[in-house]
Structure formats: C-alpha cells, structure tokens
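Everything on this sheet refers to the single structure shown next.
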There are 2 protein chains.
Amino acid sequence: MTQTSPSVTGREKAVDALRELILRGDFPAGARLGEMELATRLGVSRTPVREALTRLAAEGLVELVPNRGARVSKWSVEELEGVFELRTALEPKLTALAVPKARPEDVEELDRLALRMVEVGSPGPEQDLDALVPLNREFHGRLVALAHHPALAGALASAVHAPIVLRNFHTYDETSLRRSLAHHVEIVAAVRAGDPEWARAVMTAHIRNARAVMVRAAREQENP
Amino acid sequence: MTQTSPSVTGREKAVDALRELILRGDFPAGARLGEMELATRLGVSRTPVREALTRLAAEGLVELVPNRGARVSKWSVEELEGVFELRTALEPKLTALAVPKARPEDVEELDRLALRMVEVGSPGPEQDLDALVPLNREFHGRLVALAHHPALAGALASAVHAPIVLRNFHTYDETSLRRSLAHHVEIVAAVRAGDPEWARAVMTAHIRNARAVMVRAAREQENP
DNA sequence: CGAAGCCAGATTGTGTGCAATCTAGGCCGA
DNA sequence: TCGGCCTAGATTGCACACAATCTGGCTTCG
C-alpha cells in the first residue's frame, strides 16, 4: 500500500486543514460540521469538503450519518480503552523497530524534543501545558517514522487520532505528567543505547500511564 | 468511534459494491478504475463513485493519485510482510478475546465453517479452491466479531483486505493448505475448550503459515 | 534517425442546481 | 395543558456542466 502523493488538490488541502482544525480542538467533540459552513471557512465549494469529510470519517475523526451530516467523533470510555489496547499492541513494537534504524542525528532530535517537553511541562512560571501537545505529537511521530513500517504505522494512526476528546495535558495530575515526560527521556536513552527491548518496555509503560489518566478523565466527564 | 449507520445512500451502496468487486477479484491488482466506467457499471453518477473511491483509498484497497485517477492497490513483498506482521500483532489477540464470549451456537457455526472448508479443500473430485475464499472470510470475520472490540477489529480490517493480490487458495501447496485447514479446526477446538491461550497460539501459527505461502508467491510474481 | 515540443482527446477536479430528507416550530384536537 | 400531526426552512444527496490537468501520438528540428 503506497502512500497517497503530496497534497496539491483542493480536497487534500481540505482534508489536512480540517484534520488540523479538529486535532487542535477548534471544534469540540460532538460538534456539528455543516458542509456549507466548512466550505466558506476553507474557501472552497461543498464538493471537496464532502470528500474531505468522507475521508476523515474513514479515519475515524468524524462520524457521518446519512442525510444528517457530519459531527466530530465522540468516544465512550469503552472505545477509549479499546484504542489504548490497540496502541499497546502496536506502538511498543514500532518503537523497538525504530531503535536500530535511528541515526545519531535522529537521536539528537528526539533528545531535544524530550528535554524541551520537560522544560515546558515542569511546574513553575515557564509551564505551558498547551505547548506540550505539538511537541508530543512530533516526538511520537518521529519515533514511528523511524520504524519505516507503513502497515503498522497506518494502523496506529487511527488510534492516536482517536483520543482527541482529551487532547490537552491539563487532565494530567502532576505525578502522571512528570512520569510521562520522564518516559520520553528514558526512551531516548534506550534508543541511544541501541536497546530495543528497553525502548519497547518504556513505551508500553508510557502508554499504560496515559491510558490510566485518559480513562479516569473520560469517566469523570461521562459521570460528572 | 461509532459505526456508521446501515447503507441506504447511494454512496454506501457504491462503497460496498465496489469493495466486493475488488475483493472478489473482478479487477486485477493495478487495474485502472475510471470514474465514468464505474458510474455506469453501478448505475449512479460520478459523485457517489468518487466518494466511494476516497473511502476505499482510506481503507487501502485502492490508490488515489491526484489528476490521474484510481487503481487497485498493488502490494510489494515488503508491504505484504508488513501486513502480516500487523495481522500477527492483532488477530491472535482478537481470537483470545473471542474465546470467553463465544456461546455454544457460535462455536457450532465456526465448527460448521471449519469442517466445510476441510471438505471443499481436500484433494479429490469435490475440491473447489475458489469456494474456500468466502468461507475463509466468514470464519475469520465471525471470530473477529465475537471479540467485540471495534478498535482492534478496525485496525485489522485494513490488513486482511490487503493481500488481495493473492486472494485465492491456488497458490497454496498441498501441505500448507492441509495445515491451514487443520488450524481452523483446531481453533474451534480451543474455543470450545474455553482456552484463549490455545486459540491465540494456533491463530499465530495460522497467520505465519499463510505469510510463508503468500510471501513466497509474491516473490515469484515479482521475479518470474 | 532520434529527441524534444506540442496538440488533441480523454479524464479528473470543482462548482452549482435541483430533488429528497430531516428538524423545528406551530397548530389542532383531546 | 399536553400530545400528536403537519408544514416550512434548512441541509444533505445526487447529477451534471465546465475548467484544469494528464496521456499519447504526431510533428518538427537538429
């Protein structure tokens, strides 16, 4: 399965723009996505918007109900747990695969990202939890890309896009957040040491830690 | 992530019809899929066809190149191996999950399917390798459905749709085929015994056996 | 004779109009 | 007053028309 070529058409631009809008949280989960509204917002007609919506629906980001339009997907606690099981099954394996492929400059880049996350994530006047989101996406994204495994990466993508309902780090308690940031640093250490099993183990712990936080938050959100 | 509601719109019908056509092998891998051609064949206009193609592209069944149309996906040996790694990561887990959920009537149905496959797959005048394809899809499909795990099942779907290049059982040598059919029967035995680990192990073996056959066939196809 | 440029046919990308369907609000009857 | 029905507005589903882009073969020049 070959990756679709770079976006030049309006549809691909619409897909990317809309996905970014949703992942950034401009639309709350469950929000209605009117075709006309999106079309004017993106500056195109309804046609490419419709195709973008079908595509994002296939990715699981939006739900499409016939004759009733599109909404940003909501995730029940059960579905969220399922998504984390999927991540547990795939992401540690991808991490292990990435280790032997990482060149020194890749390790440096990961290191830079992990340390930067510790900086902006540590309590104090410099703390900026919102800045963690893009850094986190980039860290995991680079690690996955290093594995050079399109099939596993593609299957994982739908899983990491999923928990956007809780797309911020504000739900982390301080202990879990410190732990999460330390995991990143430790993963870099494992990659630098060339130890796939070490990296795999830490990534597993990392995901299970995130799972605990997210599931607790989702439960509170469902039963306030 | 909630499942999209039953197909009533022309688009959903087009998606299902086209997916079935491709999986059944009416279009060879790499075949060009003209929008107009499909539209007349399915009796709708180009619009729902285009949306069906975007969706199937997201599923990995077709490749979409901007301004150059759609083709049935081809899979390199590396990609095929990747797909089998994905199956190895997910399907045994799903099988284990299915075991405690299977009711007696589910077991009977699986048993019926497995035995029927042995019948039509065994050498002799009754052998009908083409009849194995739908039976096999149904067997694996039922097993996956029993697990009640949408996230894992969804991720797996793209993997089982993938190796359609070799969508027939004619590439199996006799030994591998017997082994494969015996795996089905043994999986049913493990489910009946309520032993998830047994089922998981046999499913793993089942996939690795298939992998060996498919990869060999794909290699021969690439270097004749 | 070979290669680069170009033109025509075909195909995809996008915009828009109309029919079908859904949602919301008011109206009527019990 | 409350519940069910019905109509009007809005929105999606589909078809079609036109513009943009690509493919393949031809011409022309070196």
Side-chain angles (χ1 to χ4, degrees), chain A residues 2-22 26-74, chain B residues 2-22 26-74:
Chain A
T2 317
Q3 189 59 29
T4 292
S5 66
S7 338
V8 282
T9 81
R11 167 183 52 190
E12 285 299 316
K13 281 198 297 191
V15 169
D16 293 344
L18 191 49
R19 177 172 29 224
E20 203 56 29
L21 283 174
I22 296 176
D26 286 31
F27 297 103
R32 210 175 160 301
L33 299 171
E35 297 180 357
M36 202 92 96
E37 174 199 347
L38 295 174
T40 48
R41 179 156 185 170
L42 301 178
V44 292
S45 94
R46 280 175 54 214
T47 309
V49 169
R50 284 178 61 78
E51 307 205 342
L53 287 174
T54 17
R55 170 127 191 183
L56 293 178
E59 289 183 18
L61 267 177
V62 308
E63 270 171 64
L64 229 45
V65 183
N67 293 313
R68 291 174 54 180
R71 316 185 81 86
V72 178
S73 291
K74 292 175 88 166
Chain B
T2 318
Q3 190 59 27
T4 292
S5 66
S7 340
V8 282
T9 80
R11 168 183 50 191
E12 285 298 317
K13 280 199 297 192
V15 170
D16 293 343
L18 192 49
R19 176 168 33 220
E20 204 55 30
L21 282 175
I22 295 175
D26 286 30
F27 298 104
R32 210 174 161 301
L33 298 171
E35 297 180 356
M36 201 99 94
E37 174 199 347
L38 294 174
T40 48
R41 179 159 186 169
L42 299 178
V44 292
S45 94
R46 279 177 54 212
T47 310
V49 170
R50 284 179 62 78
E51 306 203 342
L53 287 174
T54 16
R55 171 126 189 182
L56 293 179
E59 289 182 17
L61 269 177
V62 308
E63 269 171 63
L64 229 46
V65 184
N67 293 312
R68 291 175 55 182
R71 317 185 80 86
V72 178
S73 291
K74 292 175 87 166

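A quick note: this is a predicted structure, and the numbers were derived from the prediction, not measured. Below, chains carry the letters A, B, ... as their sequence lines are ordered, and counting in each starts from 1.
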Apply salt bridge (charged side-chain N to carboxylate O under 4.0 Å, His left out) to A/Arg32 and list each qualifying residue two or more places apart in sequence or on a separate chain.
none

Taking only residues two or more places apart in sequence, or in another chain, which ones meet A/Arg71 in a salt bridge (charged side-chain N to carboxylate O under 4.0 Å, His left out)?
none

Report the residues that fulfil side-chain contact (heavy atoms from CB on, under 4.5 Å) with B/Ser45, sequence neighbours left out, ordered by chain and then residue number.
B/Thr47, B/Pro48

In B/S/- notation, 5' to 3', how is nucleotides 11-17 of chain D contacted by protein heavy atoms closer than 4.0 Å?
SBBSBBB

Results of salt bridge (charged side-chain N to carboxylate O under 4.0 Å, His left out) for B/Arg41 - residues two or more places apart only
B/Asp26

Side chain B/Thr54, main chain A/Arg55, donor-acceptor under 3.5 Å
no

The test is side-chain contact (heavy atoms from CB on, under 4.5 Å); show your working for A/Leu18 and A/Val49 and say whether it passes.
CA-CA 9 Å; A/Leu18 191 49; A/Val49 169; 5.6 Å; no

Please identify each residue that fulfils side-chain contact (heavy atoms from CB on, under 4.5 Å) with B/Arg50, with sequence neighbours left out.
A/Arg11, A/Glu51, B/Glu35, B/Arg46

Wobble G-U and Watson-Crick pairs count when both distances are under 3.5 Å; given that, what is the 5' to 3' dot-bracket string of DNA chain D, with | for pairing to other strands?
||||||||||||||||||||||||||||||

